[in-house]
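Starting from 1, each residue takes its place in the sequence as its number. Basis for what follows: all heavy atoms, side chains included, without hydrogens, waters or symmetry-related copies.
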Amino acid sequence: MVTVAIYKPIELISWNNLKLNDLSYEIVKLDKNQAKVKFKFIIQSEQNTAVEINFNQKIITQKLTKGINHFSIDETIHNPKLWWPNGMGEQYLYDYQFKIKQGNEQIFKYLKFGLRTIELVQEKDEVGSRFYFKVNRVPTYIKGANYIPQDNFVSRVSKNDYEKLINSSVEANMNMIRIWGGGIYEDDYFYELCDEKGLLVWQDFMYACAFYPGDQDFLHNVKQETIDQVNRLKNHTSIALWCGNNEIDEAWKNWGYQKQMGWSKQDSLSIWKDYQTTFHHIIPNVLDSILPKSENRYWPSSPSIGWGRKESLTQGDSHYWGVWWGMEPFETYEKKVPRFASEYGFQGMPTLETVKSMFSEKDTLSKNSAIILAHQKHPKGWETINEYMQRDYVVPTDFVQYNYVSQLLQARGIQLAIEAHRRAKPYNMGSLYWQLNDVWPVTSWSSLDKLGNWKALHYQVKRSFENVLISVEKEENVYKIYIVNDLLKDLKGKVKFSVVDFNGNKHWTNDKDVIILSNSSTKIMELTDEILKGTSSTKAFLRIEFESNGEKYSRNYFFEKPKDLALTKSTIKIKKISHNQFEISTNVLAKDVYLLDENNQFDDNFFDLIPNESRIISGKNTIQNLKIYSLYDTMNVKNQ
């Protein structure tokens with residue numbers, strides 16, 4: 001049903017005199033002038049013979065002896081084009097075809113690869129140790145999410161499903177996906193798309209949240225699985241990291257399994273020895289035997305230290321679950337920033353279209369229905385969502401509005417986390433939220449629901465992962481303004497500040513010339529509550545606009561939580577431009593505008609629409625039955 005049997009195509013492979021067991025490549029040297037690549041062959045021959053190898057308009061003769069033959073061919077590429085992660089440059093791939101000929105027998109093999117270098121840097125510093133990736137020698141801020149299988153029935157995931165998910169990740173400005181160790185080793189097509197689209201892959205081996213046997217048969221299976229998967233995936237340019245497992249080290253040290261299971265000291269020593277054998281000996285030894293040193297980046301367990309310990313914020317990677325599991329407020333994300341956040345998250349409902357797919361036509365949509373409750377597998381999921389919602393929002397009674405606000409809540413929490421991580425650059429150099437996608441229609445931590453629809457979180461991620469981010473950090477009565485620049489060039493321009501009330505009137509303005517260095521986070525201004533003179537924190541927001549080299553960036557910062565804003569009813573106008581495009585405007589602030597047109601996806605949604613401005617919105621399909629909600633509608637039900 002899931003991974004219980006053979007579910008992928010079966011091949012019967014036959015050969016006469018030759019069999020190509022493996023062809024791989026190693027980038028020996030790479031600079032702006034040339035790349036030196038070594039192609040490594042393993043050919044099984046049934047006789048002493050010679051073969052012709054034809055590639056890139058070259059013919060090379062190679063002698064073979066009966067048995068297994070290992071040899072290599074060197075290739076020089078002049079003026080190489082580099083492969084870059086999404087948002088940093090082009091994803092150029094070199095396409096090589098090899099024809100291996102012996103008499104009348106021919107073998108064809110294709111290699112498609114990018115020229116790039118990747119390093120995992122772990123340098124000690126004054127607070128702990130850094131954990132970050134360098135791509136082409138450039139420190140690279142990682143932006144992305146954790147990936148799980150796309151369906152409980154893994155064999156029915158189509159190429160279209162893969163394309164939709166990868167494209168949605170790229171559109172949301174991601175540059176990495178972590179394949180979680182509780183899922184599956186993904187299909188070849190998944191990795192091909194990551195190569196083409198510039199998504200680095202953090203590849204867990206498939207071990208998670210449990211302890212595994214240590215008998216010789218099982219350990220042999222572990223070794224063979226590792227050999228198979230590393231050989232299958234090693235030629236993919238996108239592979240950035242091999243990780244032994246998900247949360248097993250943390251489980252051993254933090255979760256109290258020894259006491260819960262009543263293990264003796266001897267049992268515990270044996271189980272820990274088996275763990276060390278698998279993740280500190282077998283897997284890294286296989287990697288050492290197959291991969292060149294430049295491609296051998298291994299991390300035994302994610303996270304390296306559990307989230308309850310202070311060291312989890314000063315070294316290695318971190319799974320921070322004080323928010324959600326620990327019921328800590330969202331604002332904790334701003335105080336507890338790790339070196340590399342490889343997991344954190346919060347739940348939200350799927351889109352209305354996906355919710356309806358759970359029901360039959362005769363069923364009534366209700367949060368308390370048995371169907372909705374069955375599609376929430378966390379034992380305290382609804383209790384947790386409701387607790388957080390009461391903190392930040394007015395809790396709606398209407399089902400559609402509750403669905404909408406649950407998505408806003410999820411987006412708000414993860415926005416606070418991502419921006420805190422990015423502001424802390426280079427202390428923090430990565431933010432991978434939990435989770436990207438779903439295996440079924442469910443209320444969960446995902447930003448894409450089971451049908452691939454964008455929840456409010458995914459739209460927010462797209463904004464929060466932009467290469468240039470304006471962000472505000474509040475400490476007591478001080479507002480610290482940052483501009484984060486992930487581009488590989490400096491930005492010079494002017495920043496305009498204004499306090500604007502919900503009717504569009506400006507109460508305070510200022511501007512400042514700035515230079516934002518490449519690949520940096522820069523605090524450009526500190527403001528106090530003095531800027532609110534003449535208005536109120538519940539009736540105004542801080543508007544920040546930055547223009548550099550013709551590019552415009554902006555941010556609206558609200559001084560209070562959503563439930564405390566004194567919103568008024570807006571008149572939202574729609575002007576049709578084409579079958580799938582329209583202009584939208586409002587007379588007063590419309591907070592968190594929700595465009596609902598089932599079976600349609602917009603280029604932006606769940607956004608703030610401010611007075612005296614209009615926006616052009618495009619849908620992927622023809623707009624048929626557009627409905628518009630804003631946060632005011634959920635807070636003032638009696639006034640509608």
Side-chain angles (χ1 to χ4, degrees), residues 320-334 344-352 354-355 358 365-369 371-420 433-435 438 441-447 449 453-461 464 474 537-538 558-567 589-594 596 605-608 629-640:
Y320 187 73
W321 286 104
V323 174
W324 182 262
W325 284 99
M327 299 294 285
E328 296 172 358
F330 286 148
E331 289 74 17
T332 306
Y333 282 136
E334 299 182 305
Y344 59 94
F346 194 88
Q347 281 195 355
M349 292 187 75
T351 63
L352 201 60
T354 299
V355 169
M358 307 174 191
L365 294 178
S366 168
K367 185 171 73 72
N368 297 317
S369 75
I371 294 170
I372 288 292
L373 295 176
H375 288 73
Q376 161 63 277
K377 291 305 182 186
H378 190 283
K380 293 185 177 180
W382 288 118
E383 178 184 332
T384 303
I385 291 172
N386 288 333
E387 167 66 25
Y388 278 87
M389 193 179 290
Q390 288 170 10
R391 296 175 186 176
D392 286 4
Y393 291 88
V394 174
V395 181
T397 55
D398 174 79
F399 180 85
V400 174
Q401 293 184 359
Y402 187 93
N403 173 277
Y404 158 57
V405 173
S406 82
Q407 292 186 56
L408 292 181
L409 178 71
Q410 180 189 30
R412 174 175 165 78
I414 302 308
Q415 177 188 8
L416 287 173
I418 291 174
E419 294 195 12
Y433 66 88
W434 180 270
Q435 65 205 54
D438 269 326
V442 64
T443 296
S444 83
W445 299 266
S446 74
S447 61
D449 67 25
N453 296 321
W454 289 32
K455 295 161 65 171
L457 172 57
H458 208 78
Y459 285 100
Q460 182 55 56
V461 164
S464 293
K474 182 181 180 181
S537 63
T538 63
F558 290 85
F559 299 99
E560 303 293 345
K561 290 185 175 184
K563 69 177 182 179
D564 297 321
L565 298 176
L567 300 174
L589 172 72
K591 184 92 175 72
D592 299 316
V593 171
Y594 174 31
L596 177 59
N605 209 341
F606 302 93
F607 55 82
D608 297 328
Y629 296 88
S630 72
L631 191 60
Y632 172 87
D633 300 325
T634 71
M635 299 168 69
N636 297 273
V637 177
K638 294 180 181 179
N639 296 331
Q640 294 182 54

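For the pair Lys591 and Phe558, the cation-pi test (distance below 6.0 Å, angle within 45°) is passed.
Atom CD of Gln376 and atom NZ of Lys367 lie 10.5 Å apart (nearest 0.5 Å). Atom CG of residue Leu565 and atom OH of residue Tyr632 lie 13.5 Å apart, to the nearest 0.5 angstrom. Remark: Glu331 CD to Leu416 CG distance equals 6.0 Å, nearest 0.5 Å. Here Ser406 contributes atom OG and Met389 contributes atom CE; the two are 5.5 Å apart, rounded to the nearest 0.5 Å. Distance check: Asp564 CG to Asp392 CG gives 9.0 Å after rounding to the nearest 0.5 Å.
The closest side-chain heavy-atom distance from Val395 to Val405 is not below 4.5 Å. The side-chain heavy atoms of Thr634 and Leu631, taken from C-beta on, include a pair separated by under 4.5 Å. At least one side-chain heavy atom of Tyr344 sits less than 4.5 Å from a side-chain heavy atom of Ile414. Two residues are said to be in side-chain contact when any heavy atoms from C-beta on lie closer than 4.5 Å; Phe399 and Leu352 meet this criterion. When side chains are defined from C-beta on, Pro350 does not count as touching His375, because their heavy atoms never get closer than 4.5 Å. Side-chain contact between Thr397 and Tyr402 is absent, with no heavy-atom pair separated by less than 4.5 Å.
Considering all non-hydrogen atoms of both residues, Gln410 and Ser444 come closest at NE2-O, 3.5 Å. Smallest separation of non-hydrogen atoms from Asp398 and Gln401: OD2-N, 2.9 Å. Across every non-hydrogen atom of Tyr320 and Val323, the tightest pair is CE2-N, 3.7 Å. Taking each heavy atom of Trp445 and Gly345 in turn, the nearest pair found is CD1-C, 3.7 Å. Between Thr538 and Glu560, the shortest heavy-atom distance links the atoms CG2-CG, 4.0 Å. For the residue pair Pro562 and Met635, the shortest heavy atom distance occurs at O-CE, 3.5 Å.
Atom NZ of Lys561 is surrounded by more than 12 heavy atoms from other residues, nucleotides or ligands within 6.0 Å.
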Handout entry: side chain to side chain contact (heavy atoms under 4.5 Å, CB included) between Tyr594 and Asp633, worked out
Key = CA-CA 11 Å; Tyr594 174 31; Asp633 300 325; over 6 Å; no
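Of the residues listed (Ile372, Ile385, Leu409), the one engaging Met349 in a side chain to side chain contact (heavy atoms under 4.5 Å, CB included) is Ile372, and it is the only one. Tested against Phe346, the residues Phe330, Trp325, Trp321 include a single ring pair (Phe, Tyr, Trp, His ring centres under 6.0 Å) partner, Phe330.
The backbone N or O of Ser630 sits nowhere less than 3.5 Å from a side-chain atom of Asp592 that would complete a donor-acceptor pair. Remark: the backbone N or O of Asn453 is not paired with any side-chain donor or acceptor of Thr351 at under 3.5 angstrom. Here the side chain of Tyr433 pairs no donor or acceptor atom with the backbone of Gln415 at under 3.5 angstrom. Side-chain atoms of Asn605 do not come within 3.5 Å of backbone N or O of Ala456 as any donor-acceptor pair. The backbone N or O of Trp324 sits nowhere less than 3.5 Å from a side-chain atom of Gln347 that would complete a donor-acceptor pair.
For the residue pair Asn386 / Gln390, no side-chain donor-acceptor distance below 3.5 Å is found, with atom types taken as modelled.
Under 4.0 Å is where a charged nitrogen must lie from a carboxylate oxygen, and between Asp449 and Lys455 no such pair does.
Relative orientation of the His458 and Trp454 rings is perpendicular, given thresholds of 30° and 60° on the angle between their planes.
The aromatic ring centroids of Phe607 and Tyr459 lie 6.0 Å or more from each other.
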